[in-house]
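These notes concern the structure reproduced below.
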Amino acid sequence: MTVALSRYTTLGTGGPARELAQPTTVAEVEALLRRREPVAVVGLGSNLLVADDGVDRIVLHLEGELSQIELDGTTVRAGGGAANAVVLHRVRTAGLGGFEFACAIPGTIGGGVWMNGGAYGGEFSRVLQRVRVVSAAGGGWFTPAELGLSYRHSDLRHGQVVVEAELRLEPRDPAEIKATVRELNAQRKAAQPTNRRTFGSVFKNPEHELSAGRMLEACGLKGHRIGGAQISPKHANFIENAGGARTADALALMAEARRRAFEQYGVELRHEVELLGGIELPPLR
Ligand SMILES: Cc1cc2nc3c(=O)[nH]c(=O)nc-3n(C[C@H](O)[C@H](O)[C@H](O)COP(=O)(O)OP(=O)(O)OC[C@H]3O[C@@H](n4cnc5c(N)ncnc54)[C@H](O)[C@@H]3O)c2cc1C
């Protein structure tokens, strides 16, 4: 099936996959992996830049059983394709707290594990008990430490599919959870372009007194536009689809932002967004 992956990314860019597969069970994922062809998973595409000319891989979108959620006391079992928002809704209703931070992360459980997503002092590694990964070489259950989870990083590679995760939460009054989520969403709305198509933070925060956003703002990049992509006038560490953007436009903006941060601050910004389909940023030197 040659469907443009722009339908599966929050920025709304990206060409077709070699093949788009929608497995609904672990057995179906295993069967796809047995073909020994290169694969990648797309979750909510909220941290993803896909090449305009497409991806020469089988791209998996996890559905059915692989996006379901079960609660057992304070343990939550969620499929790799379960959306954070749906998990949060379920655990809030059940009076389980600790996942509130994820209200700001519009992805799936698999995507959250992949990059140890986090916000407002919380992150996946703190609530994950263990993660089930399937790959052509086998698979099994892994702890966050075994997956190398650290700041916006795991050791996972394409070909390793997060099919399920177990989260350990704590009892908390649903009304308190609701109030926390409301407060975090308000903070987010005040600071970030929540009503635009973006892929979240472009760069990881560098080891510097300035965050990536403040640094790019100081470089005069707010509102800078290339083609259909624009550095957000609200927060300089976001790129918006300002109309008809292509991935090439976003990449050109990222290259320009890195060049300016390096010239002005001597800092080599590292991208937080995942690049898929043989695309990369030009070297700084
Ligand atoms: C408005 C906005 C705000 C955001 N704010 C935050 C924030 O505060 N904190 C934060 O950490 N992130 C934030 N993000 C980024 C993004 O939401 C997170 O990185 C999220 O965890 C990505 O999940 P996803 O399902 O969308 O993954 P995708 O973007 O689809 O994929 C990202 C990577 O994960 C891999 N992947 C996805 N699912 C699986 C799986 N099941 N198995 C193996 N690999 C998989 C993909 O192959 C890819 O390499 C934000 C994004 C947006 C658009």
Side-chain angles (χ1 to χ4, degrees), residues 5 7-14 17 21 23 26 29 32-33 38-50 55 57-63 66-67 78-87 100-125 128 131-135 139 142 147 149-165 184-185 187-189 191-205 211 213 232 234-235 237-241 250 271-277 279:
L5 292 173
R7 281 179 50 188
Y8 291 84
T9 60
T10 51
L11 188 69
T13 67
V26 172
V29 173
L32 284 160
L33 294 175
V39 303
V41 183
V42 61
L44 227 75
S46 64
N47 192 37
L48 208 53
L49 261 182
V50 176
V55 183
R57 290 173 182 269
I58 307 177
V59 171
L60 277 53
H61 189 253
L62 308 186
E63 302 186 1
L66 302 171
S67 63
N84 296 338
V86 180
V87 176
E100 293 85 334
F101 71 90
C103 70
I105 308 178
T108 60
I109 292 293
V113 173
W114 175 278
M115 61 93 73
N116 189 23
Y120 299 113
E123 59 180 21
F124 271 75
S125 65
L128 283 172
V131 176
R132 186 172 178 196
V133 178
V134 172
S135 72
F142 299 90
L147 293 176
L149 263 57
S150 57
Y151 172 62
R152 305 296 169 267
H153 171 85
S154 75
D155 294 339
L156 287 164
R157 294 288 168 266
H158 292 307
Q160 294 179 290
V161 182
V162 172
V163 289
E164 189 179 348
L184 295 181
N185 281 336
Q187 284 182 40
R188 180 63 53 128
K189 203 169 165 195
Q192 295 180 6
T194 48
N195 57 351
R196 296 280 187 274
R197 300 194 74 159
T198 71
F199 47 80
S201 298
V202 180
F203 297 105
K204 299 185 189 197
N205 281 323
S211 65
S232 170
K234 194 163 183 178
H235 191 307
N237 200 24
F238 282 74
I239 287 177
E240 300 175 359
N241 186 338
H271 58 90
E272 181 163 316
V273 61
E274 292 289 331
L275 308 181
L276 188 60
I279 46 175

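When a ligand or atom number is given, it counts from 1 through the structure's own listing order.
- In this structure, H271 and F203 have side chains that are in contact, with non-hydrogen atoms separated by less than 4.5 Å.
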For ligand 1, what N or O to protein N or O distances fall under 3.5 Å?
{"residue": "ligand 1", "atom": "5 (N)", "partner": "A104", "partner atom": "O", "Å": "3.3"}
{"residue": "ligand 1", "atom": "5 (N)", "partner": "R188", "partner atom": "NH1", "Å": "3.0"}
{"residue": "ligand 1", "atom": "8 (O)", "partner": "R188", "partner atom": "NH1", "Å": "3.2"}
{"residue": "ligand 1", "atom": "8 (O)", "partner": "R188", "partner atom": "NH2", "Å": "3.0"}
{"residue": "ligand 1", "atom": "9 (N)", "partner": "G118", "partner atom": "O", "Å": "2.6"}
{"residue": "ligand 1", "atom": "11 (O)", "partner": "G118", "partner atom": "N", "Å": "3.0"}
{"residue": "ligand 1", "atom": "11 (O)", "partner": "G118", "partner atom": "O", "Å": "3.3"}
{"residue": "ligand 1", "atom": "17 (O)", "partner": "S46", "partner atom": "OG", "Å": "2.7"}
{"residue": "ligand 1", "atom": "21 (O)", "partner": "G111", "partner atom": "O", "Å": "3.4"}
{"residue": "ligand 1", "atom": "21 (O)", "partner": "G112", "partner atom": "N", "Å": "3.4"}
{"residue": "ligand 1", "atom": "25 (O)", "partner": "L44", "partner atom": "N", "Å": "3.0"}
{"residue": "ligand 1", "atom": "25 (O)", "partner": "T108", "partner atom": "N", "Å": "2.9"}
{"residue": "ligand 1", "atom": "25 (O)", "partner": "T108", "partner atom": "OG1", "Å": "2.6"}
{"residue": "ligand 1", "atom": "26 (O)", "partner": "L44", "partner atom": "N", "Å": "3.2"}
{"residue": "ligand 1", "atom": "26 (O)", "partner": "G45", "partner atom": "N", "Å": "3.2"}
{"residue": "ligand 1", "atom": "26 (O)", "partner": "S46", "partner atom": "N", "Å": "2.9"}
{"residue": "ligand 1", "atom": "26 (O)", "partner": "S46", "partner atom": "OG", "Å": "2.6"}
{"residue": "ligand 1", "atom": "29 (O)", "partner": "S46", "partner atom": "N", "Å": "3.0"}
{"residue": "ligand 1", "atom": "29 (O)", "partner": "N47", "partner atom": "N", "Å": "2.8"}
{"residue": "ligand 1", "atom": "30 (O)", "partner": "G43", "partner atom": "N", "Å": "2.7"}
{"residue": "ligand 1", "atom": "30 (O)", "partner": "G45", "partner atom": "N", "Å": "2.8"}
{"residue": "ligand 1", "atom": "38 (N)", "partner": "G111", "partner atom": "N", "Å": "3.3"}
{"residue": "ligand 1", "atom": "41 (N)", "partner": "V162", "partner atom": "O", "Å": "3.0"}
{"residue": "ligand 1", "atom": "42 (N)", "partner": "V162", "partner atom": "N", "Å": "2.8"}
{"residue": "ligand 1", "atom": "47 (O)", "partner": "V41", "partner atom": "O", "Å": "2.6"}
{"residue": "ligand 1", "atom": "49 (O)", "partner": "W114", "partner atom": "NE1", "Å": "3.4"}

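- By the side chain to side chain contact (heavy atoms under 4.5 Å, CB included) test, A104 is found to be paired with A119, Y120, R188, residues two or more places apart in sequence or in another chain being considered.
- F101 is linked by a side chain to side chain contact (heavy atoms under 4.5 Å, CB included) to F99, I105, F124, V127, counting only residues two or more places apart in sequence or in another chain.
- Between E123 and S125, the shortest heavy-atom contact is OE2-OG, 2.9 Å.
- Residues passing the side chain to side chain contact (heavy atoms under 4.5 Å, CB included) test with V163 are V26, V29, L66, R132, V134, V161, sequence neighbours excluded.
- Between W114 and the options H153, H158, R152, a side chain to side chain contact (heavy atoms under 4.5 Å, CB included) holds for only H158.
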